[in-house]
Structures are given as C-alpha cells and as structure tokens.
Asker: 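Take this structure first; my questions come after.
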Amino acid sequence: MPGNKGWWTVMEYSAGLTSKLFWLQESRKTASYILEGLSKADIRKIAWEENIYQVKAEYRAYEVLNGTYRRVSALPEAVLQTFITCDVETAKILNLIAILMDSRLFFEFLHEIYAEKIRLGEKEITDRDLNVFFADKAMQSDVVAGWTDTAVRKLKQCFTRMMFEAGLLESSAKPRTIKPIHIDYRTEELLTAKGLGEYLKAVKGV
C-alpha cells in the first residue's frame with residue numbers, strides 16, 4: 001500500500017508504455033462514462049459506433065479505450081470526479097498520476113531522478129540522467145536487461161514526452177528544462193486522503 005517503503009515494487013517492469021499516448025481528453029471522457037455507471041463493455045459498444053474518441057479507425061477506438069480505462073479505473077471515485085471537472089493543468093497532473101499507477105518504471109524515474117533534480121535545484125533532465133537510470137535498472141532487473149536498445153530509446157522518449165505533456169518539462173527535446181508546477185491544495189489533500197500521496201510527492205519532487 002502507498003506509504004510503505006517500496007510498496008510499488010510488487011509491480012512488474014514493463015515497456016508497454018511506449019505503445020500508449022498521454023490521452024488527456026480521452027481519459028477524461030472515459031472517466032465521465034465510468035462515473036455515469038457504464039461498464040467497460042458498455043463503453044466499448046459506443047467507442048467506435050459513436051466514435052467517442054474521435055479516431056479514424058475502429059481498432060484505434062478500442063486501443064484508446066483499453067489504455068484509458070486501465071488507467072482511470074484505478075483512480076478512487078472522488079479523484080475521478082475532480083479529474084473530469086478541474087482545470088486543464090490539474091487534469092494533466094491527475095492523468096500523469098493515473099499513468100504512474102500503471103507504470104512502475106516511470107514512477108521510479110520520477111521518484112528517483114526527477115524529484116532528486118528538484119531537491120538539488122537542478123534545472124534539466126539530461127541524456128545522462130536517462131542513461132544512468134536505465135543502466136541501473138538493467139543491473140537490478142533481468143527484465144530491463146533483456147530489453148533491446150530500441151525499446152529503451154523509445155521509453156526514454158516516452159518518459160520525457162509525457163512529462164512535457166503533463167507540464168513537468170518546458171520541452172520534450174533538449175534542453176529538457178524542468179518546469180515548476182502548482183497543484184491546488186484541495187487536490188493535494190484529496191490525493192493524500194485517498195492513499196495517493198506517494199504519487200503526489202513524485203510529481204511535486206518532494
């Protein structure tokens with residue numbers, strides 16, 4: 001459970017994030033259907049028929065549904081309510097937290113590298129930061145060690161792109177300057193009360 005040291009380590013490492021996008025508006029749409037009481041099967045029926053995600057191919061509609069449902073369905077209902085009604089900047093942070101809940105490796109990157117940068121007052125995520133992180137994980141995990149160079153490169157790009165889209169970086173390209181974020185205190189209190197305090201700390205860098 002959040003709050004216990006190393007609680008996230010029960011999750012397996014995965015490179016699956018490379019096939020997914022940030023999907024902010026799509027995730028808010030999925031969340032709204034969940035709050036209306038629709039099941040995943042219900043949403044699937046209208047995903048392509050009504051093209052609720054505004055995609056150009058049927059398989060993409062189901063891809064977006066599967067990715068966003070997996071993320072947002074893990075959020076507590078009160079957080080979902082905030083997610084669909086809050087301002088865009090707050091929604092970006094909540095969406096990032098939903099992604100981190102489904103990606104141990106991405107969470108650990110923010111927890112170990114990004115947060116440390118902020119604590120030290122450093123302003124940039126460098127290639128070296130990314131390279132050292134993945135090299136360390138490859139030494140710690142046979143799963144990561146078995147990934148191809150291409151998979152690792154895509155994950156590095158994915159991490160920085162999602163951090164940019166969430167508002168944590170000024171750009172996903174070099175220089176990747178860290179951008180201060182502001183989270184409403186009521187949202188912080190809600191996340192902490194609902195057991196998501198460790199994710200909040202990771203995105204705030206504390």
Side-chain angles (χ1 to χ4, degrees), residues 1-2 6-31 33-34 39-41 43-44 47-48 52-76 79-80 83 91-115 125 127 129-169 172 176 196 198-199 202-203:
M1 288 295 294
W7 55 266
W8 59 86
T9 57
V10 296
M11 294 175 63
E12 295 290 338
Y13 286 129
S14 168
L17 199 61
T18 58
S19 65
K20 299 175 179 65
L21 301 178
F22 194 63
W23 287 327
L24 176 62
Q25 297 307 325
E26 294 88 344
S27 293
R28 294 180 94 174
K29 185 156 288 187
T30 301
Y33 284 121
I34 291 173
S39 67
K40 186 179 179 182
I43 304 171
R44 183 181 171 85
W48 176 243
I52 59 175
Y53 300 115
Q54 299 297 300
V55 293
K56 295 181 178 179
E58 185 174 1
Y59 81 92
R60 286 290 291 168
Y62 303 138
E63 184 178 60
V64 174
L65 169 60
N66 289 336
T68 58
Y69 191 92
R70 180 181 171 98
R71 291 173 185 173
V72 300
S73 62
L75 293 171
V79 178
L80 278 184
F83 182 48
K92 288 178 181 179
I93 295 300
L94 295 178
N95 196 50
L96 178 62
I97 286 174
I99 293 168
L100 296 178
M101 290 173 71
D102 193 40
S103 174
R104 172 184 170 185
L105 195 67
F106 194 15
F107 170 79
E108 289 183 357
F109 181 75
L110 262 64
H111 180 69
E112 297 170 16
I113 304 298
Y114 167 76
I125 299 292
D127 286 349
D129 295 325
L130 291 156
N131 294 339
V132 168
F133 175 78
F134 277 93
D136 286 348
K137 294 303 172 185
M139 291 177 65
Q140 298 166 18
S141 165
D142 290 340
V143 173
V144 179
W147 291 342
T148 64
D149 291 344
T150 300
V152 171
R153 186 178 72 251
K154 286 182 177 179
L155 273 171
K156 292 174 183 176
Q157 293 170 345
C158 185
F159 284 7
T160 55
R161 186 187 73 245
M162 287 194 173
M163 290 173 71
F164 165 64
E165 293 189 66
L168 274 58
L169 297 177
S172 60
R176 307 179 195 93
L196 303 178
E198 291 299 324
Y199 296 104
V203 300

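In this text the structure is predicted, and so the values were computed from the model without any measurement. Positions are given from 1, in the same order as the sequence printed here.
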Asker: Does atom CG (Asp127) have a neighbourhood of more than 12 heavy atoms from anything else shown, all under 6.0 Å?
Answerer: yes

Asker: Given side chains that start at C-beta, do those of Leu105 and Phe134 come closer than 4.5 Å, heavy atoms only?
Answerer: yes

Asker: Would you confirm whether the ring centroid of Tyr114 sits within less than 6.0 angstrom of the ring centroid of Phe159?
Answerer: no

Asker: Does the Asn95 side chain pair with the main chain of Ala91, one donor and one acceptor, at a distance under 3.5 Å?
Answerer: no

Asker: May I have all residue pairs that pass salt bridge (Lys or Arg N to Asp or Glu O under 4.0 Å) and include part of residues 55-66, sequence neighbours excluded?
Answerer: Arg60-Glu63

Asker: Return the minimal non-hydrogen interatomic distance between Trp48 and Tyr62, and the atom names on each side.
Answerer: CB-OH, 3.9 Å

Asker: More than 12 foreign heavy atoms under 6.0 Å from NZ of Lys40: is that the case here?
Answerer: yes

Asker: Can you give me the closest heavy-atom contact between Ala47 and Ala61, atom names plus distance?
Answerer: O-CB, 3.8 Å

Asker: Any sub-3.5 Å donor-acceptor pair from Ser141's side-chain atoms to Lys137's backbone N or O?
Answerer: no

Asker: Could you please spell out the steps behind the side chain to side chain contact (heavy atoms under 4.5 Å, CB included) verdict for His111 and Leu100?
Answerer: CA-CA 10 Å; His111 180 69; Leu100 296 178; over 6 Å; no

Asker: Distance-only, no hydrogens or angles: does the Ser103 side chain make a donor-acceptor pair with backbone N or O of Ile99 under 3.5 Å?
Answerer: no

Asker: Using a strict threshold of under 4.0 Å (side-chain N to carboxylate O), is an ion pair present between Asp129 and Lys156?
Answerer: no

Asker: What side-chain donor-acceptor pairs closer than 3.5 Å can you find for residues 15-25, not counting sequence neighbours?
Answerer:
unit_1 : atom_1 : unit_2 : atom_2 : d
Thr18  : OG1    : Ala15  : O      : 3.0
Ser19  : OG     : Gly16  : O      : 2.9
Lys20  : NZ     : Gly16  : O      : 3.3

Asker: For Thr30 versus Ile43, what's the shortest heavy-atom pair and its separation?
Answerer: O-CD1, 4.3 Å

Asker: Any chance you could measure Arg153, atom CZ, to Thr150, atom OG1, to the nearest 0.5 Å?
Answerer: 4.5 Å

Asker: May I ask you to decide if Gln157's main-chain N or O and Thr160's side chain share a donor-acceptor pair within less than 3.5 Å?
Answerer: yes

Asker: Which atom names give the shortest non-hydrogen contact between Ser73 and Tyr69, and what distance separates them?
Answerer: OG-O, 2.6 Å

Asker: So how far is it from Phe107 CZ to Asp102 CG, rounded to the nearest 0.5 Å?
Answerer: 13.5 Å

Asker: Judged by atom type as modelled, is there a donor-acceptor pair below 3.5 Å linking the side chain of Arg71 to the main-chain atoms of Ala98?
Answerer: no

Asker: Find the distance between CZ (Arg28) and OG1 (Thr68) and round it off to the nearest 0.5 Å.
Answerer: 13.5 Å

Asker: Taking all non-hydrogen atoms of both residues into account, name the closest pair between Ala31 and Phe83 and its distance.
Answerer: CB-CD2, 3.9 Å

Asker: Is it true that a side-chain atom of Lys29 and a backbone atom of Ile52 form a donor plus acceptor pair closer than 3.5 Å?
Answerer: yes

Asker: Are Leu110 and Leu168 close enough, and set up right, to give a side chain to side chain contact (heavy atoms under 4.5 Å, CB included), and what steps lead you there?
Answerer: CA-CA 10 Å; Leu110 262 64; Leu168 274 58; 3.9 Å; yes

Asker: Just wondering, are more than 12 heavy atoms of other shown residues or ligands nearer than 6.0 Å to CZ in Arg161?
Answerer: yes

Asker: Would you compute the distance between atom CG of Leu155 and atom CZ of Phe109 and round it to the nearest 0.5 angstrom?
Answerer: 11.0 Å

Asker: Once you round to the nearest 0.5 Å, how far does CZ of Phe106 lie from OG of Ser14?
Answerer: 13.5 Å

